[in-house]
Amino acid sequence: MNRYPRLVINAEAIEHNTRLVQQLCRDNGIMLSVVTKGFSSMPKLVSSISKINPIFSDSRIETIKQMREAGINGHITLIRSPMMSEAEDVINNCNMSFHVDKAVLKHFDEVAGRLSKKHDVLLMCDVGDLREGPFYDEEVIELAEYIENDLSNLYLAGLGTEFACYGSIRPTPKNLGVLSDRATAIEEKIGRKLKYISGGGTSSLALVVQGKMPEKINHLRVGEGINIGREMGEIWNAPLEGIRHDVFTLEAEVTETRKKPTYPIGEFAVDAFGQEPEYVDRGDRTRAIVALGKKDVFDPHQLIPTVEGIDFLGGSSDITIIDIEDCKEEIKAGDILKFGLRYPTMLFSSVTDVYKVYE
Ligand SMILES: *Cc1c(COP(=O)(O)O)cnc(C)c1O
């Protein structure tokens, strides 16, 4: 029996994308960590990636524990600065975690000691996006020296930064140069090389494609560029030849089609979410209702229709209303519509009760 809405998952496509990005990274002396948080690290898909690149990053310890329980034994990094309260789980399940705070680091060192384990840490610093980590050079170097000299159960494995997150800042040779210089300064202070100089995610991969990545950067954490593969071309101006966009397809069923006015009739109040949307009077037009809502994908407008002439009108937690007046194909109740995904729709449809099927 088919159930809708459903997320159709193509493991072969993600294997293809992993191979492609891995080759690009290898050719440029970069280690690749595949970020799986965008699809909640669904174990089946992670297993597929594992055959090619068994090095992963996730932001949540709960999903990482699920990966371990499912038998994923590759290298896993926790890329959200951890809470003190999760130290034990992080040390037991992750090979490495990202850090920014002295007190948290001290706590991690104590817990690692108690568990008789050594734990790798990657120090995150800020070069302008104003997300996590120390911003000033002296602070970065001081924290690195603290890990190296005072915390015997932690190993300073590297230095990293993040872009295009809070501050919408694009990675450039200049700000990645700041990261490289800081890494060099730390290496001089501690008298050894750092293993990972981690220059960001998919947005930084674009610099690799363009041949502008500073040489010292040897590690990237790539999520969207492998899971969805749209942003390199659409946002970062560095399309990756051969990347597939069909790892995830969302299928939803039409429950009604009807010609109706486009401008609501009566006194205006608020919609299902307490908002006051604007409406445009375009006369009578044919529209369809799809059994898929915000509860499934958070923002149905970000779905990519595979049929031409579909326009999103709105909806509620459970339904989406689309304009199909300009559709060449006839659409009727019972039809299944297919949509491509962007990052937010992948993020939500992977955790909500949208039915999951593997192709
Ligand atoms: C989510 C995340 C990434 C991956 O970003 P993409 O744009 O999906 O490649 C990389 N690094 C950190 C710290 C993240 O939180």
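Read the numbers this way: they start at 1 and go in the same order the structure lists the ligands and their atoms. Quick note: numbers below take in every heavy atom, side chains included, and nothing from hydrogens, waters or symmetry partners.
For ligand 1, the atoms closer than 4.0 angstrom to any heavy atom of G201 are 9 (O). Close contacts between ligand 1 and V222 involve ligand atoms 9 (O) [criterion: under 4.0 Å to a heavy atom].
The existence of a salt bridge linking R114 and E110 is excluded, since no basic side-chain nitrogen approaches an acidic carboxylate oxygen closer than 4.0 Å.
Under 3.5 Å, the side chains of N53 and T18 contain no donor-acceptor pair of N or O atoms. No donor-acceptor contact under 3.5 angstrom links the side chains of N92 and K65, judged on distance only. Using modelled atom types and a 3.5 Å distance limit, the side chains of D181 and T184 yield no donor-acceptor pair.
A distance below 6.0 Å separates the ring centres of Y263 and F268.
Between K37, E162, M124, it is K37 that holds the heavy atom closest to atom 15 (O) of ligand 1. Around atom 11 (N) of ligand 1, the closest heavy atom drawn from E224, R221, E231, R80 belongs to R221.
Between F108 and H99, the ring planes lie perpendicular to each other; the angle is over 60°, past the 30° to 60° tilted range.
Using a 4.0 Å heavy-atom cutoff, R131 is listed among the residues neighbouring ligand 1.
Taking distance alone, with nitrogen or oxygen atoms compared against 3.5 Å, Y343 stays at or beyond that limit from ligand 1. Considering backbone and side-chain N/O atoms, F98 never comes within less than 3.5 Å of an N/O atom of ligand 1.
Contacts of V35 with ligand 1, taken as heavy-atom pairs under 4.0 Å, involve the side chain alone.
Of all heavy-atom pairs between R285 and D326, the closest is NH2-OD2, 3.1 Å.
In this structure, atom 9 (O) of ligand 1 lies nearest to the protein heavy atom T202 OG1, 2.5 Å.
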